[in-house]
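The structure appears right after this line, and notes come after that.
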There are 2 protein chains.
Amino acid sequence: MAFSDLSTSDVGALFERVPKATLRAHIVERLRHAILAGDIPPGAPLVETALSERFDVSRGPLREALRQLIEEGLVVTVPYTGTHVAELSVEDVHEIYSLRTVLETFAFEQVWPRRDDRFRAELRRRNDVLIASIDADDDRASILNELDFHGLVYEASGHKLLQRAWHGLRGRLQLYWAAHHRAHGRRGPKRDSHDSYIEAAFGAEFDAMKAEIADHMRRGVETTEKFLRSMPDLSGKPKRGVKS
Amino acid sequence: MAFSDLSTSDVGALFERVPKATLRAHIVERLRHAILAGDIPPGAPLVETALSERFDVSRGPLREALRQLIEEGLVVTVPYTGTHVAELSVEDVHEIYSLRTVLETFAFEQVWPRRDDRFRAELRRRNDVLIASIDADDDRASILNELDFHGLVYEASGHKLLQRAWHGLRGRLQLYWAAHHRAHGRRGPKRDSHDSYIEAAFGAEFDAMKAEIADHMRRGVETTEKFLRSMPDLSGKPKRGVKS
DNA sequence: TTGTGCCAGATTGTCAACAATCGACGATTC
DNA sequence: GAATCGTCGATTGTTGACAATCTGGCACAA
């Protein structure tokens, strides 16, 4: 990028096919980030005119971006009435974690027979990165790093459909954690929360890994459930008449 | 619906909130049906102007409908270049079936402890419906009935996220079967293909059910693989310059 | 007071015109 | 003859204006 103006033709194109970004794609990213970072809380209205002004685009691309986020489950809409950021119920969280248990186990099942040392090393590395962000008290980074840690298994599985499914779950998880973070100030994953997880990954018994995944999810859903019950309304209602 | 014109106010609205359908929603349905029925084969170009004329809408709603189908995995697009119906590779089919094995097992795991007699009866009923359409030599109905049969487990699980995941898999499966049907004339699911499946569902051992699901999928991926290899190009290329 | 109907504002849905980009074809040059 | 460059048609991306619909509140009557 830094040397793209050295010549008329795009030098970068020599190395990789990179289609010019569309406004829509840009909006999807920015809007998704705004939602997942908690800038626009669950339940908050997403008025098209307001957003198109905020992002300085017309409503066309914006609406298409919204469609995409709707399909990702981050946004819900009612025809002719309104659009708002999705809210998470206790049942939703249960569903996320139960499905995640199944998918993550399956992902490990794909990786396991390969006894991939590079994978394990990277797992350790990402945990170190996570710990570093915890030590630095950077909650937002901690959330992303936690997700990246678990995301590795899905990447390593090489299973595109599985990765897609993880993407859907990941977004919803992030949605919840952002709310948690906003409410508590600190999300508070323990420094050692992945110790046994990694230990199992380096072990020889797949059943142990399987049990560890289930246990990790159980812990996750526990904290989550407690938090959600203590905070019946974490949404940004009312749905209408707010200028964002 | 039959009595909606008996009075000025919509009588149906008394019982259920039913927002007026939008053009976009209509297009999504029609386009999805056209693709899944094989009217527009995998790889065929989806030119916006042609489609907007065919469905008699402007490009706005049409594009939004396309976004949705893209997110469902039925359509792929390259910015400024073109859009076409997704194609299925052998790897894709493997991924579909492997993930489906996991999800369907999980779905059964949810239903199993309830020992739900209504569920089992319905399972039998849907199999009868499937057999009827096979006997009637109605291939298109057979495909839908086969999917409906398996869909019951996901519905019965009551797991919304799981149902969503099944929806994604279902579309891709249908995409393949439509191609299969178009190429072979007959898809040919056996009349008795679900006998052991149902037997296991009525049995007491969950492990037997689990094994049966895996076996069912193994048979599916086998047929599928053989077919795809025998037919390296089932797409409707070229991607550009065709009026559909 | 309670219920009912209507009205106005807000919001999303739809459209048609215009701009940006891409891919292929052919002219041109060495 | 091969490679390169420019041009042109096709296609998608973007915009602003207009239409359809919903929600909430207010006037009015029982």
Side-chain angles (χ1 to χ4, degrees), chain A residues 4 7-10 12-14 16-31 43-70 75-85 237-244, chain B residues 7-10 12-14 16-31 44-70 75-85 237-244:
Chain A
S4 67
S7 73
T8 321
S9 63
D10 189 352
L14 290 175
E16 194 184 352
R17 180 75 189 80
V18 50
K20 181 132 189 178
T22 64
L23 269 186
R24 180 188 60 248
H26 217 206
I27 301 287
V28 169
E29 271 186 45
R30 292 224 280 162
L31 194 51
L46 293 169
V47 180
E48 294 178 2
T49 53
L51 290 176
S52 74
E53 191 168 335
R54 167 171 175 175
F55 292 129
D56 196 37
V57 292
S58 73
R59 283 178 54 220
L62 182 86
R63 281 171 62 85
E64 292 181 18
L66 281 178
R67 294 294 152 238
Q68 184 164 337
L69 293 178
I70 288 169
V75 167
V76 294
T77 184
V78 180
Y80 290 109
T81 303
T83 308
H84 54 271
V85 180
K237 295 173 186 171
K239 306 260 191 296
R240 214 182 170 90
V242 176
K243 259 281 163 51
S244 157
Chain B
S7 73
T8 321
S9 64
D10 190 353
L14 290 174
E16 193 184 351
R17 180 77 188 80
V18 51
K20 181 133 188 180
T22 64
L23 270 187
R24 179 188 61 249
H26 217 207
I27 301 288
V28 168
E29 271 185 45
R30 293 223 281 162
L31 194 51
L46 294 168
V47 180
E48 294 177 3
T49 53
L51 290 175
S52 74
E53 190 168 336
R54 168 171 173 174
F55 292 128
D56 196 38
V57 293
S58 75
R59 282 177 55 218
L62 181 86
R63 282 170 61 86
E64 292 181 19
L66 281 178
R67 294 296 151 233
Q68 183 164 336
L69 294 178
I70 288 170
V75 167
V76 295
T77 184
V78 180
Y80 290 108
T81 302
T83 309
H84 54 272
V85 180
K237 294 175 185 171
K239 308 258 191 297
R240 213 182 170 91
V242 176
K243 260 280 164 51
S244 160

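Naming: A, B, ... by sequence-line order, numbering from 1 per chain.
- Phosphate proximity of dG13(C) to R63(A): present, with a side-chain N or O under 4.0 Å from OP1 or OP2.
- Of the side-chain N and O atoms in T49(B), none sit less than 4.0 angstrom from OP1 or OP2 of dA10(D).
- Here the nucleotide nearest the side chain of T81(A), chosen from dC22(D), dT14(D), dC15(C), is dC22(D).
- Taking CZ of R67(B) as the start and CD1 of I70(A) as the end, the distance is 13.5 Å to the nearest 0.5 Å.
- How far CD of E64(A) is from CZ of R24(A): 5.5 Å, rounded to the nearest 0.5 Å.
- Contact annotation for G60(A): base contact, defined as any heavy-atom pair under 4.0 Å involving a base atom.
- Rounded to whole Å, atom C1' of dG13(C) lies 13 Å from atom CG of L66(A).
- Distance check, rounded to the nearest 0.5 Å: CD of Q68(A) to CD of Q68(B) gives 11.5 Å.
- Side chain of Y80(B), nearest nucleotide from dT21(C), dT11(C), dT14(C): dT21(C).
- Closest-nucleotide positions on DNA chain D for R59(A) and A25(A) were compared, and the one nearer the 5' end corresponds to A25(A).
- Closest approach to the S58(B) side chain among dG13(D), dC15(C), dT12(C) is made by dC15(C) (side chain taken as heavy atoms from C-beta onward).
- Base engagement by P61(A) is indicated by at least one non-hydrogen atom pair under 4.0 Å involving a base atom.
- Distances shorter than 4.0 Å separate some side-chain N or O of R24(A) from OP1 or OP2 on dG13(D).
- Atoms CG and CG, on L66(A) and L51(A) in that order, are 6.5 Å from each other to the nearest 0.5 Å.
- Rounded to an integer number of Å, the gap from CZ of R67(B) to C1' of dT12(D) is 9 Å.
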